[in-house]
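Right, one structure below, let's go through it.
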Amino acid sequence: MARSHRRIEISEEDDQRLRELETSRHTCPKVRLRASILRLHRQGWTVPQLSSHFDRNHQAIHNDLTRFSQHGIPGLADACSPGRPSHMTPEIEQFLHEKLLEERFWNAPLLSEQISRTFEVTIGPRALANHLQRLGYSWKRARYSPAKQLDPDIVQHHQDSLETLKGGTGRQIDPEIP
């Protein structure tokens with residue numbers, strides 16, 4: 001049994017918010033798709049046209065329209081996914097931003113340990129690295145370098161010592177002598 005022609009009203013203000021969601025690269029792809037569907041629906045596209053254009057079944061389009069009519073723009077996002085909730089809180093995120101602004105070397109295990117000490121929450125280094133990547137941070141290899149210029153005489157003395165060690169003593173070692 002076919003449904004009757006369905007129209008929902010979308011205000012100019014909601015259309016503007018939908019446009020922002022549709023064009024933002026930070027928006028979840030599902031929400032971006034639903035925003036596109038709603039904007040085209042506002043322009044007069046019917047459910048069969050939207051279904052054909054987005055290669056989705058009619059019921060999925062109706063579900064998207066119902067979500068918007070019942071809950072507004074917040075209804076476009078999916079509910080919380082199943083599983084254990086994240087330990088990452090806004091306070092921890094702020095703490096991470098502050099720590100990463102410091103003039104020192106940080107890696108995921110060090111940050112994880114610091115979070116554990118400060119907030120008494122255990123977040124593994126790999127989970128922390130994934131979260132930091134979602135926040136826009138990237139990892140770079142740290143290089144150790146001396147804090148000041150080394151004395152050339154001392155460097156030469158150590159180079160000579162290394163060459164002597166590489167060359168050996170020049171005598172045979174007797175395996176029976178302890």
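In this chain, residues are counted from 1 in sequence order. Only this structure's heavy atoms are used, side chains among them; waters, hydrogens and symmetry mates stay out. Note that the structure is predicted; figures quoted are calculated from it, not measured.
With rounding to the nearest 0.5 Å, the separation of CZ in R19 from OG in S36 is 11.5 Å. Here CG of L76 is found 10.5 Å from SG of C28. Values are rounded to the nearest 0.5 Å. Considering CD1 of I115 and CD of E120, their distance stands at 13.5 Å, rounded to 0.5 Å. To the nearest 0.5 Å, atoms CD1 (I61) and CD (Q49) are separated by 11.5 Å. Taking CG of D55 as the start and CG of L50 as the end, the distance is 12.5 Å to the nearest 0.5 Å. With rounding to the nearest 0.5 angstrom, the CG atom of L38 is 7.0 Å from the CG atom of D64.
Here the closest heavy-atom approach between residue P125 and residue A108 is recorded as O-CB, 3.5 Å. Closest of all the heavy-atom pairs between L21 and A35 is CB-CB, 4.2 Å. Closest non-hydrogen pair, I10 versus D15, comes out as CG2-N, 4.0 Å. Taking each heavy atom of R7 and W45 in turn, the nearest pair found is NH1-O, 3.4 Å. H87 and T122 make their closest contact through CD2-O, 3.8 Å (heavy atoms, listed as atom of the first residue, atom of the second, distance).
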Any chance you could lay out the side-chain contact (heavy atoms from CB on, under 4.5 Å) test for L110 and Q114, step after step, and finish with the verdict? CA-CA 6 Å; L110 289 174; Q114 194 70 26; over 6 Å; no
Taking it one step at a time, do L111 and L132 satisfy side-chain contact (heavy atoms from CB on, under 4.5 Å)? CA-CA 11 Å; L111 283 170; L132 287 170; 3.8 Å; yes
Decide side-chain contact (heavy atoms from CB on, under 4.5 Å) for I92 and T118; before the verdict, give the C-alpha distance in whole Å, the side-chain angles of both, and the deciding distance to 0.1 Å. CA-CA 9 Å; I92 295 176; T118 307; over 6 Å; no
I'd like to know whether H131 forms a side chain to side chain donor-acceptor pair (under 3.5 Å) with Y137, so could you lay out the CA-CA distance, the side-chain angles of the two residues, the decisive distance to 0.1 Å, and finally the verdict. CA-CA 9 Å; H131 190 76; Y137 290 98; over 6 Å; no
T23 and R32: side-chain contact (heavy atoms from CB on, under 4.5 Å), yes or no, with the steps? CA-CA 8 Å; T23 58; R32 195 177 308 141; over 6 Å; no
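Between L96 and L128 the shortest side-chain heavy-atom distance falls below 4.5 Å. Inter-residue side-chain proximity for Q133 and S138 is flagged as unmet; no heavy-atom pair is nearer than 4.5 Å. Side-chain contact check for L33 versus R56: some heavy-atom pair is nearer than 4.5 Å.
Not one N or O on the side chain of H41 forms a donor-acceptor pair closer than 3.5 Å with the backbone of L65. The main-chain N or O of T66 is found under 3.5 Å from a side-chain atom of S69 such that the two form a donor-acceptor pair. No donor-acceptor distance shorter than 3.5 angstrom exists from the side chain of S24 to the backbone of E20, with no hydrogens or angles considered. The main-chain N or O of I123 is found under 3.5 Å from a side-chain atom of S112 such that the two form a donor-acceptor pair.
Scored by the salt bridge (charged side-chain N to carboxylate O under 4.0 Å, His left out) test, E93 finds no partners at all (sequence neighbours excluded). When the side-chain hydrogen bond (donor to acceptor under 3.5 Å, both in side chains) test is applied to E91, the partners found at least two apart in sequence or on another chain are T89. With sequence neighbours excluded, the residues that form a side-chain hydrogen bond (donor to acceptor under 3.5 Å, both in side chains) with E102 are K99. In terms of the salt bridge (charged side-chain N to carboxylate O under 4.0 Å, His left out) criterion, K148 has no residue partners (sequence neighbours excluded). Under the side-chain hydrogen bond (donor to acceptor under 3.5 Å, both in side chains) criterion, H71 pairs with no residue at all, not counting sequence neighbours.
In this model, no donor atom of one side chain and acceptor atom of the other lie less than 3.5 Å apart for R34 and T27. For the residue pair R67 and N63, no side-chain donor N or O sits within less than 3.5 Å of a side-chain acceptor on the partner.
Of the charged side-chain nitrogens involved, none lies within less than 4.0 Å of a carboxylate oxygen, so that R17 and E12 do not count as a salt-bridged pair. In this structure, D14 does not pair ionically with R42, as no charged nitrogen and carboxylate oxygen lie closer than 4.0 Å.
When the shell of 6.0 Å around CD of Q70 is examined, it contains more than 12 heavy atoms from other residues, nucleotides or ligands. More than 12 heavy atoms of other residues, nucleotides or ligands sit less than 6.0 Å from atom CD of E98.
Within the structure, ring pair (Phe, Tyr, Trp, His ring centres under 6.0 Å) pairs that include any residue of residues 102-128 comprise F95-F119 (at least two apart or interchain).
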